[in-house]
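These notes are about the structure you will find just below.
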Amino acid sequence: MSDEEIQDVIVVGAGLSGLTAAISLQQRGYSVRVLERRPVAGGLCGSTTIDGYQFTLGSNDFGSAIKRYLQQLGVDLEFEQNQTVFYCGREKYVLPATSRTVFDLLRHLPDTTRVGRALRNPDIGNKFDYVGQFLDATVRNKTFRDFLSLPSYVAGHSPAAHRFDLFRQIYSKNPDYGYHELCAPADGPQAITDAMTARFAELGGRIEFDTDVLDVRQTDDGKLVTTSQGTYRTKHLVSSEARTGNHSVRSSLEIGVLHIATRPDVPFPAGVHTVGYLPSGVQNWLGQLDDGVLPDQFGFHAFPCVTTEEYRSFNAYFYYPRGVEEFDSRTLATVEEYILKELARLIPGFGSRVLFRRSVSPAQFKKEHNLRRVSIEDILPLGVEKPSVHDKETDTYYVGNTVGPVAYHACAAMYAALDAADQLASANPLA
Ligand SMILES: Cc1cc2nc3c(=O)[nH]c(=O)nc-3n(C[C@H](O)[C@H](O)[C@H](O)COP(=O)(O)OP(=O)(O)OC[C@H]3O[C@@H](n4cnc5c(N)ncnc54)[C@H](O)[C@@H]3O)c2cc1C
């Protein structure tokens with residue numbers, strides 16, 4: 001199919017960032033068309049159904065800034081604020097910090113003081129290039145060191161390779177993504193992109209599904225976009241594809257998912273979204289994974305996806321060793337047993353309620369969901385920052401996690417998309 005009508009804006013991708021830019025521009029009066037290669041919107045923010053059980057696809061817990069961004073877009077959605085619980089060895093850390101957590105941290109007062117100084121004082125902090133160096137020099141207590149490795153675990157990098165300036169920026173309030181008070185819609189992340197898709201349609205925007213953008217050429221009056229379904233013409237282009245630069249990128253470890261369905265009466269703690277387990281020696285086992293080796297003990301985290309009258313579903317995320325995209329059946333069985341055994345230990349009664357389980361490897365994930373890029377966080381070389389949203393050479397506005405300010409999560413992706421929409425609108429005002 002070819003569409004001769006020239007659009008004001010074509011947006012490549014109907015994930016969180018593409019939809020954010022599309023709604024923002026449609027709100028300002030631009031005619032926007034979104035082209036999406038998959039049959040559904042949402043990208044990594046959606047759900048999937050396996051054997052009749054519904055599971056979350058990727059992102060699941062969001063910084064509170066998402067509520068502000070959605071309000072700005074006219075998207076009305078209720079969020080619940082939940083706790084995260086991480087077990088580090090024999091210690092339990094609850095986030096956001098409760099009075100109990102603060103009390104527990106007092107046990108590590110000398111370490112907490114040194115860490116606070118290094119995070120606040122650039123003269124100290126700037127001495128460290130990588131999180132591993134900072135932890136080794138600053139934190140004496142091994143369990144507390146494990147807990148402070150949590151940002152590296154979440155980023156999918158060994159502390160030895162995780163840039164310390166990025167770690168420090170997590171604690172910065174600029175931009176304030178609100179990841180210190182996590183929230184999620186009660187019905188799961190699919191509700192976010194469903195509400196955004198409905199809002200975009202209400203504003204008169206159109207999404208073409210099963211439409212893979214293959215090539216973009218500059219023409220006299222704009223751009224010619226070639227897709228698997230034909231060509232489109234547009235004055236401006238917004239893309240949620242990765243903006244690649246001249247620098248090498250160190251991708252995160254690839255994530256594996258163990259989907260678990262249990263009976264609905266599973267005793268998962270109320271008010272908690274994520275339960276995580278970091279066995280002792282986080283630097284060591286993350287390092288082994290980074291070296292391509294599966295350690296005997298490794299961390300994982302689990303969270304509920306949906307609750308129905310018949311079942312509750314959960315995802316447990318864990319990392320595959322670097323370079324490994326698929327386990328042989330014996331290794332996979334060992335990994336699944338390990339996760340289920342630890343979950344049953346952390347949540348008494350969990351194990352006896354399991355009805356179904358299926359793991360999805362990084363290779364299967366990409367194949368089944370046609371999502372080609374599943375790095376949790378890319379690390380650029382020291383001193384190099386992510387590029388800005390506007391590529392002057394091709395006059396393309398990029399959105400998502402490869403551009404814009406620090407961090408690789410849903411709120412950073414949406415922030416970049418709002419920035420791209422602002423920049424496009426101010427450089428190209430409607431006549
Ligand atoms: C396993 C996992 C868990 C995560 N958990 C969290 C979390 O809990 N909280 C959080 O804040 N963040 C989380 N993230 C990060 C979050 O998912 C991303 O930041 C966010 O989804 C990025 O949105 P996006 O729209 O930029 O990209 P995507 O979600 O990847 O969407 C891009 C869309 O563009 C489409 N597309 C790309 N190229 C083309 C093309 N050429 N033609 C047509 N369509 C195209 C794709 O099909 C896709 O639908 C997680 C990431 C992963 C991988």
Side-chain angles (χ1 to χ4, degrees), residues 10-22 33-46 48 55-66 69 82 84 154-156 177-179 182-185 188-190 192-193 196-197 207-216 225-229 232 237-243 251-259 273-274 276 300-301 303 305 315-320 360 362 365-366 369-378 389 396 398-404 407-417 420:
I10 277 185
V11 174
V12 181
L16 263 183
S17 61
L19 288 172
T20 300
R33 192 176 283 206
V34 178
L35 307 178
E36 169 56 56
R37 68 156 71 100
R38 302 177 70 228
V40 287
L44 285 164
C45 182
T48 179
F55 297 98
T56 296
L57 203 58
S59 56
N60 55 93
D61 215 3
F62 303 88
S64 57
I66 196 169
Y69 300 157
N82 290 314
T84 297
V154 171
Y177 298 121
Y179 275 84
L182 289 160
C183 63
Q190 182 74 54
I192 303 174
T193 41
M196 292 176 85
T197 309
I207 306 183
E208 309 296 341
F209 292 107
D210 297 308
T211 304
D212 199 352
V213 173
L214 305 171
D215 184 50
V216 179
V225 180
T226 305
T227 78
S228 54
Q229 305 293 337
Y232 292 86
L237 188 78
V238 172
S239 177
S240 50
E241 290 194 308
R243 180 171 183 194
S251 298
S252 68
L253 296 167
E254 297 233 40
I255 212 157
V257 192
L258 176 58
H259 296 301
H273 180 78
T274 303
F300 66 87
H301 59 282
F303 59 88
C305 304
N315 277 0
Y317 286 159
F318 58 99
Y319 292 112
Y320 271 57
V360 175
F365 184 88
K366 287 178 214 166
H369 302 300
N370 200 7
L371 283 162
R372 292 183 194 158
R373 210 166 173 284
V374 286
S375 179
I376 302 286
E377 174 160 344
D378 291 339
V389 294
T396 301
Y398 284 92
V399 296
N401 283 142
T402 58
V403 288
Y408 282 77
H409 47 52
C411 287
M414 292 177 82
Y415 185 99

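Ligands are counted one by one from 1 in listed order, and the atoms in each one are counted from 1 as well. Owing to the predicted nature of the structure, the values given are computational and were not obtained by experimental measurement.
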Is the closest N or O pair between Asn370 and ligand 1 shorter than 3.5 Å?
-> no

Contact check: Leu16 vs ligand 1, nitrogen or oxygen atoms, below 3.5 angstrom = yes

Qualifying residues under salt bridge (Lys or Arg N to Asp or Glu O under 4.0 Å), relative to Glu254, sequence neighbours excluded | Lys366

N/O of Tyr408 under 3.5 Å from N/O of ligand 1, yes or no?
-> no

Compare Ser59, Pro189, Ser239 and give the one whose heavy atom is closest to atom 6 (C) of ligand 1.
-> Ser59

Based purely on interatomic distance, does Leu371 place a nitrogen or oxygen under 3.5 Å from a nitrogen or oxygen of ligand 1?
-> no

Check each of Asn401, Thr402, Val34 against atom 18 (C) of ligand 1 and report the one with the nearest heavy atom.
-> Asn401

Any N/O pair Ala410/ligand 1 closer than 3.5 Å | yes

Who are the side chain to side chain contact (heavy atoms under 4.5 Å, CB included) partners of Thr197, not counting sequence neighbours?
-> Leu19, Ala41, Ile207

Identify which of Glu36, His273, Glu241 has a heavy atom lying nearest to atom 47 (O) of ligand 1.
-> Glu36

Parallel, tilted or perpendicular: which describes the rings of His301 and Tyr317, with under 30° parallel and over 60° perpendicular?
-> perpendicular

Of the listed options Val12, Leu214, Ile376, closest to atom 51 (C) of ligand 1 (non-hydrogen atoms) | Ile376

Please indicate whether any nitrogen or oxygen in Leu57 is less than 3.5 Å from any nitrogen or oxygen in ligand 1.
-> no

Ligand 1 contacted by Thr211 (non-hydrogen, < 4.0 Å) | yes

